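Since the model is a prediction, treat every value here as computed from it, not as a measurement.
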Amino acid sequence: MITAFVLIKTDASRIPESAQEISELEGISEVYSVTGEWDLIAIARVAKHEDLADVIADKLSKVKSVMSTTTQISFRAYSQHDLDAAFSLGFDH
């Protein structure tokens, strides 16, 4: 499974509508409204890298109010369990 984080700038007056439309796209698992430079962050999860083009370039980027995107592809996921084990000092929680 390939996971990508898509940073999205959209028409500020349509953030909720944009988020809803993006969340309904196949391949998008979650959409968050955020503060800062970007309006939304979407998480895309696909089987192979080539599928990202379908989800991001062919679908997400064509949502009416999306003005620009930047995509970050993840290499590895670290769960809280993994982080706890990595930084554990041997103390019981």
Side-chain angles (χ1 to χ4, degrees):
M1 170 97 25
I2 308 300
T3 301
F5 298 89
V6 187
L7 310 172
I8 305 164
K9 288 187 182 181
T10 188
D11 177 348
S13 69
R14 295 194 34 82
I15 291 172
E17 294 84 0
S18 299
Q20 182 62 41
E21 189 172 345
I22 292 166
S23 73
E24 294 171 358
L25 297 174
E26 185 176 346
I28 299 295
S29 63
E30 300 163 65
V31 179
Y32 297 91
S33 60
V34 295
T35 62
E37 181 179 349
W38 303 96
D39 300 310
L40 300 169
I41 296 177
I43 300 175
R45 290 194 167 93
V46 296
K48 49 191 192 261
H49 283 98
E50 296 82 14
D51 296 337
L52 287 174
D54 294 333
V55 174
I56 298 167
D58 294 340
K59 295 177 185 166
L60 190 150
S61 292
K62 293 181 180 172
V63 169
K64 184 178 179 179
S65 55
V66 169
M67 298 175 359
S68 67
T69 64
T70 296
T71 302
Q72 306 293 317
I73 299 172
S74 69
F75 293 127
R76 180 176 296 150
Y78 297 93
S79 69
Q80 187 60 46
H81 178 273
D82 294 338
L83 293 173
D84 287 345
F87 294 107
S88 175
L89 298 175
F91 297 112
D92 289 333
H93 296 282

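- Arg14 contributes atom CZ, which lies 7.0 Å from atom CD of Glu21 (distance to the nearest 0.5 angstrom).
- If you take OG on Ser65 and NZ on Lys9, they are separated by 14.5 Å, rounding to the nearest 0.5 Å.
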Atom pairs and distances, side-chain donor-acceptor, residues 48-61, under 3.5 Å, sequence neighbours left out:
{"unit_1": "Asp51", "atom_1": "OD2", "unit_2": "Lys48", "atom_2": "N", "d": "3.4"}
{"unit_1": "Ser61", "atom_1": "OG", "unit_2": "Ile56", "atom_2": "O", "d": "3.0"}

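- Taken together through direct or relayed side-chain contacts under 4.5 Å among Ile, Leu, Val, Met, Phe, Trp and Tyr, Val6 and Ile15 form part of one hydrophobic cluster.
- Here the closest non-hydrogen pair linking Ala47 and Ile2 is O-CG1, 4.0 Å.
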If you look only at distance, which donor and acceptor atoms sit under 3.5 Å apart when one is on a side chain in residues 22-44 and the other is two or more places apart or in another chain?
{"unit_1": "Ser23", "atom_1": "OG", "unit_2": "Ala19", "atom_2": "O", "d": "3.4"}
{"unit_1": "Ser23", "atom_1": "OG", "unit_2": "Gln20", "atom_2": "O", "d": "2.8"}
{"unit_1": "Glu24", "atom_1": "OE2", "unit_2": "Gln20", "atom_2": "NE2", "d": "2.8"}
{"unit_1": "Ser29", "atom_1": "OG", "unit_2": "Ile43", "atom_2": "O", "d": "3.3"}
{"unit_1": "Ser29", "atom_1": "OG", "unit_2": "Arg45", "atom_2": "NH1", "d": "2.7"}
{"unit_1": "Glu30", "atom_1": "OE1", "unit_2": "Tyr32", "atom_2": "OH", "d": "2.2"}
{"unit_1": "Glu30", "atom_1": "OE2", "unit_2": "Arg45", "atom_2": "NH1", "d": "3.3"}
{"unit_1": "Asp39", "atom_1": "OD2", "unit_2": "Thr10", "atom_2": "N", "d": "2.8"}

